[in-house]
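For reference, the structure discussed in these notes is given below.
Quick note on labels: first sequence line is chain A, next is B, and so on, each numbered from 1. Worth knowing before you read on, the calculation uses all heavy atoms, side chains too, and leaves out hydrogens, waters and symmetry mates.
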Amino acid sequence: MEFNYTEFEQKWQKYWEENNTYKVENNTDRPKYYVLDMFPYPSGSGLHVGHPLGYIASDIYSRYKRLKGFNVLHPMGFDAFGLPAEQYAIKQGKHPARTTEENIATYKKQLRSLGMSYDWSREVKTCDPSYYKWTQWAFLQMFDSWYNQNTNQAEKLETLVAKFEANGTEGVNAAETEALNFTAEEWQAMDETAQQKVLMNYRLAYLDYSEVWFCPALGTVLANDEVKDGKSERGDHDVEKRRLRQWFLRVTAYAERLLGGLETVDWSESMREMQRNWIGKSHGASMFFEIDGHNGKTFEIFTTRPDTIFGVTFMVLAPEHELVQEITSDSQKQAIEEYLEYVNKRSERERMSEVKVVTGAFTGAYAIHPFTKAKIPIWISEYVLASYGTGAIMAVPSDDDRDNAFADKFGIPIVDIIDKSDYPGATRDDKIGKMINSDFINGLEVKDAIKVICDKVEEMKVGKAKINYRLRDAGFSRQRYWGEPFPIVYKDDSEEGVPYAIDINELPLILPEMEDFRPQKDGQPPLAKAEHWRNLTNGTFRETDTMPGYAGSSWYFLRYMDPHNEDAFVSQEALDYWESVDFYIGGAEHAVGHLIYSRMWHKFFKDMSLVKTEEPYKKLVNQGMIQGQSLFISFCEDAKKLDRDGDVVAEINDFNKFVSHQIDGGNEVKIDKDTYVLGKCKEHRVPIHYADVHGRLYKDQFTKYINEYKEMTHVDPEKNVWWKVDGNGEEYILLRPEVEKMSKSKYNVVNPDDMVAQYGADVFRMFEMFLGPIEQSKPWDTKGISGVSKFIRKYWNLSHKNEAFNVSDDEPTKEELKILHQTIKKVEDDIERLSFNTCVSAFMVCVNELNSKKCNKRSILEPLTVLMAPFAPYTTEEIWHKLGKEGSIHQATYPVLNEEYIKEDAFEYPIMIKGKMRAKIEMSLDWDEAAVKDKVLADERVQKWINGDEVKRFILVKGRIVNIVI
RNA sequence: GCCGAAGUGGCGGAAUUGGUAGACGCGCUGGAUUCAAAAUCCAGUUCUGGCAACAGAGUGUGGGUUCGAUUCCCACCUUCGGUACCA
């Protein structure tokens, strides 16, 4: 029978579904193992070839673990709420619920065809009310909780209220927005609204003010992604920041546990390092500076360098700092206003990355130095962010690069306070040296000076030692339609309205159907327009913001354990069995966002005694990104043809010339080794499907291309193009390739469907693995797929002769067993260390060797087939049944390595002399060093290289190498 | 800017703990088969010199540690990801 993959892929897909081959039970005698993929965001262009890289890898690992006797949970679902889905829907003129449903259907079809072993009965979709009911429920748990820093865990709000009733804030050590102090009597005297406002200061899900991008021309709030260089990406309109009251999650309460937990998980060091840096713990001091002439009013700064207090020559507030308006003097008002206008158009990223141009404005106010009582000017500058620390700094130009640049630019004095002469090579920012010009800390080392100043400011009651985190609370509101509605109502419609949780029994709070769900022109969220939904009959009002994309993805891995439970987010029994994710695989782009938020949610659930584990993901691997190959054609006007030396060979009178390849400086095009064109050149994108795998655009395709793209209809392929000619006499031009993110807008998306149709899913799976290490990013290139295709056919042909199945029951030879068991060892090792590309190589080597021995023995092919089953689930299933086996190969048992078959007793040692490999000598592995030395030194090639010199050292590394030092 | 990763033949990559650089595959070259092509098979293929034996160079760049460095250390260059409202 011929190798008809289309037929048997259909057959086995159906078989697996009918027999529930991949159905997972929540309880078996087998040990459990939970393999999780980061679920995809179902975009309109379907699954592209980058997605399956991680999915195939985790599928191989899951199948391997199953064959090894584990009960493996390997689910899949869809992260279906979010901004792009809403925009796609708007563009299509369809409702996002419909487009999302369609997109999911496409994704599922594609994933099925790739032979993934998901238990689809456990599928979750974050936009499904039966799912987001529990996202809303989780939000309400956080709304009704506070973080007790004494017990170091979240507690129900009622325990906090009890404390307030008994003792006020006395003895309360809570994560809070701002420090509050009141007595029990004061608390009891507060009215309901006042008490609610106080509680908001402690809730884990709380309301506060923050800024969003707003585009007046589009009349809508924009995401950071939609703002480029201070303009809206759509339409290039002006944008500005607006202050809105929004929901936040108090992630900072968990900063220390998020940091500590990193020591307990099996993640790459780089990933943990990124999270550590994101959390950004720093030790320093908080200090209060009095403002001159403002009746003793103070402001708080945070510094990691309290030792440099005597070098302070100015203060800097964030432009958003609440004191700016109040302290600005009349004469500085205009300068400050102008500066604020400038900052309002700057993104946080621009503000952070700007190092070349220093900007700022003087408020006209002065702070008073706590020790010297000197008057220090207070400036504002974009390099101080409101969201970090207290939004105010003491500037020390002698010991901080940015402060130094600022002082330089604005002519502010610089006072040297640290003598670094004992540390040659130390830079300005290094925390080392001896204090000078610093009053009572003169002569102290930096480290000691920090301690002394911290004690002193504490004693003077103007500050104290403090730990600060860079981590910020997570903004949890979006002024969008396509997200989870907040289960929150307000009695009062005003800006200051107090939020109340809706009854848990009312969940899910369904997102209302809206015909027009576009953002409103006045910047109000779309839901504000759904008046019937928003305005309740009892006179209360619903929250009209929705939750962000990461709400649903912060806990989805728990729902897979028990996806249809209507009474709980997941049952205790399911949690007891599966506990948490053993192996998580997904893109490195989620390194901080998703992985910080979902860890925080998990820790919160732990505090609520809902889950048992502190960390959700034991082992984590990031797959690299598959980049797209974009192609460009260049179009030249007024061209001159040059040779390699730049001499003009010919003037070109034709107005248009389409040529190819590299553009240098926008006006020089290299046609081939010896010919260049000089002229005004412009590039156009060419959708990749026009070109062949080498980036060649052939004449017939070129004609189609210019017919479809209007700007080029005037091009005559006969007159205006310099064609190259290939070996078959076909004319083509070579396009300029560029590696970019794979994206529909770049015309470079490659869809796996065509490749699966052309080569079969197994070849596609193995080819994706063969591309390289799973963690590495690489451009998509299909050039090598024929090699994998040939390999699968060779494997097939081992058991086929003249298209008929043909295996022998003869006893295997020693050599054949050695080949098999070497492969078992290699593949098992490589799967364990997630090196799937080398597994494919190992299979190729194995099949090549068996092929050269014409081995068609059942005793070899049967275990080899099981070994390959995780990689090529369809082909191996087909062979398995041809071998006469009952049931699915994917429920078989993994072959066991027998070391006896692969034992070596001799090794061909490379002999290195003076750092070069000069000879190879085969020697027994049993020999001791003396025996080896005798044999090696007796060798004539070795003698030639030693050339009578003295052998200074003779190094033998058993089974590895011999090195002779002369 | 800051944080993280990567850089090895014409190309994707291998070298697992510091021990033979280039496994495996693509491409290319030559040959077999064929009326011819496709497919298949065989041989070769890091670069330079040489008919060859062989010699020299060689893992982004420049230094260093070591008997020995793709691997460890220092400085730099380039590309990619993230940078808190894309997910």
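- Below 30°, between 30° and 60°, or above 60°: for Trp247(A) and Phe486(A) the angle between ring planes is below 30°, a parallel geometry.
- At a threshold of 4.0 angstrom between heavy atoms, the contacts of Phe770(A) include nucleobase atoms, whether or not backbone atoms are also involved.
- In this model, the phosphate group of C67(B) is approached by a side-chain N or O of Arg953(A) to a distance below 4.0 Å at OP1 or OP2.
- The only option from Phe81(A), Tyr556(A), Phe557(A), Tyr584(A) that meets the ring pair (Phe, Tyr, Trp, His ring centres under 6.0 Å) definition with Phe39(A) turns out to be Tyr556(A).
- Ile785(A) comes within contact range of no nucleotide atom at all, as no heavy-atom separation falls under 4.0 Å.
- A salt bridge between Glu348(A) and Arg351(A) is absent, with no side-chain N of the basic residue lying under 4.0 Å from a carboxylate O of the acidic one.
- Atom CD1 of Ile902(A) sits about 5.0 Å away from atom NZ of Lys825(A), to the nearest 0.5 Å.
- Ring pair Trp555(A)/Tyr131(A) is parallel by interplanar angle, where below 30° counts as parallel and above 60° as perpendicular.
- When heavy atoms are screened at a 4.0 angstrom cut-off, Arg833(A) is found touching base atoms of the nucleic acid.
- Between Trp780(A) and Phe767(A), the two ring planes are perpendicular [angle over 60°; tilted spans 30° to 60°].
- Looking at heavy-atom distances under 4.0 Å, Val957(A) makes contact with a base.
- Salt-bridge formation is detected for the pair Arg276(A)/Glu269(A): a Lys NZ or Arg NE/NH1/NH2 atom is positioned less than 4.0 Å from an Asp or Glu carboxylate oxygen.
- Nearest-nucleotide mapping onto RNA chain B: of Thr838(A) and Phe39(A), the residue sitting toward the 5' end is Thr838(A).
- Heavy-atom nearest nucleotides on RNA chain B were determined for Met274(A) and for Arg480(A), and the one closer to the 5' end corresponds to Met274(A).
- Across all strands shown, Asn848(A) has heavy atoms under 4.0 Å from sugar-phosphate atoms exclusively, and none from any base.
- When heavy atoms are screened at a 4.0 angstrom cut-off, Glu775(A) is found touching no nucleic acid atom at all.
- Gly82(A) comes within 4.0 angstrom of sugar-phosphate atoms only, judged by non-hydrogen atoms across all strands, and of no base.
- At G12(B), none of the side-chain N or O atoms of Asn837(A) fall inside 4.0 Å of OP1 or OP2 (strictly under the cut-off).
- Here Glu589(A) lies in heavy-atom contact (under 4.0 Å) with a base.
- In secondary-structure terms, RNA chain B builds stems of at least 3 consecutive Watson-Crick or G-U pairs, each pair having both distances under 3.5 Å, at B:1-7 with B:77-83, B:10-12 with B:24-26, B:27-32 with B:40-45, B:46-49 with B:54-57, B:60-64 with B:72-76.
- Here Val845(A) lies in heavy-atom contact (under 4.0 Å) with sugar-phosphate atoms only.
- In this structure, Ser786(A) reaches the sugar-phosphate backbone alone: every heavy-atom distance under 4.0 Å involves primed, P, OP1 or OP2 atoms, never a base.
- Between the P atom of G19(B) and the CE atom of Met912(A) lies a distance of 11 Å, rounded to the nearest Å.
- Thr546(A) and Arg480(A) form no side-chain donor-acceptor contact under 3.5 Å, judged by distance and modelled atom types alone.
- Side-chain nitrogen and oxygen atoms of Trp945(A) include at least one within less than 4.0 Å of the OP1 or OP2 phosphate oxygen of A55(B).
- If you check every strand for non-hydrogen atoms under 4.0 Å, Lys952(A) touches nothing.
- Using a 4.0 Å heavy-atom distance criterion, Gln87(A) is classed as making no nucleic acid contact.
- Of the side-chain N and O atoms in Arg472(A), none sit less than 4.0 angstrom from OP1 or OP2 of A84(B).
- The residue His590(A) sits close to a base: some heavy atom pair falls under 4.0 Å.
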